[in-house]
Amino acid sequence: MSDHRPNPSLFSQGVSTILVVAAFLIFPIIHHFNDFPGQPTSRPVGSVPPAERAARLSELQANVAETEGSYQWIDQSAGTIRLPIDRAKELTRQKLSGDTQ
């Protein structure tokens with residue numbers, strides 16, 4: 001038995017070369033479409049000014065406080081409402097302890 005391997009054909013060498021060149025050419029194409037002009041750019045982390053962040057935070061806290069402390073219909077036809085959290089806790093305690101009023 002001999003260790004002699006046949007030389008690859010000219011066709012297989014050409015196919016291999018084309019595949020390697022295509023692999024190198026596909027990266028710039030992907031990069032071009034990834035950085036497509038006209039896409040919205042997002043702000044880098046930390047680029048929102050502190051005053052704007054503080055305003056957003058206080059608006060969020062006001063919305064949370066208003067939501068937590070008020071009654072509101074969620075689905076009136078199903079009878080689902082939003083309760084203030086303290087009232088919901090009280091009703092849950094009554095239901096679990098068996099007290100009904």
Side-chain angles (χ1 to χ4, degrees):
M1 201 186 235
S2 72
D3 289 335
H4 183 268
R5 289 190 245 170
N7 289 334
S9 70
L10 187 60
F11 175 76
S12 65
Q13 286 179 345
V15 169
S16 297
T17 303
I18 289 172
L19 289 175
V20 169
V21 169
F24 279 106
L25 291 177
I26 201 163
F27 287 111
I29 293 169
I30 291 172
H31 179 71
H32 169 73
F33 286 114
N34 191 28
D35 292 338
F36 192 71
Q39 287 182 333
T41 56
S42 61
R43 291 182 174 175
V45 175
S47 67
V48 179
E52 186 178 339
R53 287 196 319 259
R56 287 181 185 179
L57 177 62
S58 60
E59 181 181 338
L60 176 65
Q61 289 171 336
N63 288 341
V64 167
E66 180 182 334
T67 302
E68 285 180 347
S70 65
Y71 291 89
Q72 181 182 2
W73 282 108
I74 302 297
D75 185 358
Q76 194 167 5
S77 61
T80 307
I81 61 170
R82 176 180 292 137
L83 300 173
I85 196 151
D86 292 333
R87 179 70 177 137
K89 288 178 185 179
E90 180 184 326
L91 290 172
T92 303
R93 272 191 229 107
Q94 287 177 359
K95 183 177 180 180
L96 293 176
S97 68
D99 290 342
T100 55
Q101 294 180 350

With heavy-atom distances below 4.5 Å as the criterion, would you say the side chains of Arg82 and Thr67 are in contact?
yes
Honestly curious: do Ile74 and Ile85 fall in one hydrophobic cluster under the side-chain, below-4.5 Å linking rule?
no
Pair Glu59, Asn63 - check side-chain contact (heavy atoms from CB on, under 4.5 Å), show working.
CA-CA 6 Å; Glu59 181 181 338; Asn63 288 341; 4.2 Å; yes
Taking all non-hydrogen atoms of both residues, which atom of Leu25 and which atom of Pro28 are closest, and how far apart?
O-CD, 3.1 Å
Do Glu90 and Arg87 meet the salt-bridge criterion of a basic N to acidic O distance under 4.0 Å?
yes
Spacing of CD belonging to Gln61 relative to CD belonging to Glu66, to within rounding of 0.5 Å:
14.0 Å
Residue pair Leu83 / Leu91, side-chain heavy-atom distance below 4.5 Å:
yes
For residues Ile18 and Val20: do they belong to one hydrophobic cluster (side chain heavy atoms under 4.5 Å, members Ile, Leu, Val, Met, Phe, Trp, Tyr)?
no
Closest approach of Phe27 to Ala23 (non-hydrogen atoms, all atoms of both residues)
CD1-O, 3.1 Å
Donor-acceptor under 3.5 Å (Arg53 side chain, Val48 main chain):
yes
If you compare all heavy atoms of Trp73 against all heavy atoms of Thr80, which two are closest, and at what distance to 0.1 Å?
CE3-O, 3.5 Å
Within a strict 4.5 Å, meaning less than it, do heavy atoms of the Leu60 and Arg56 side chains meet?
no
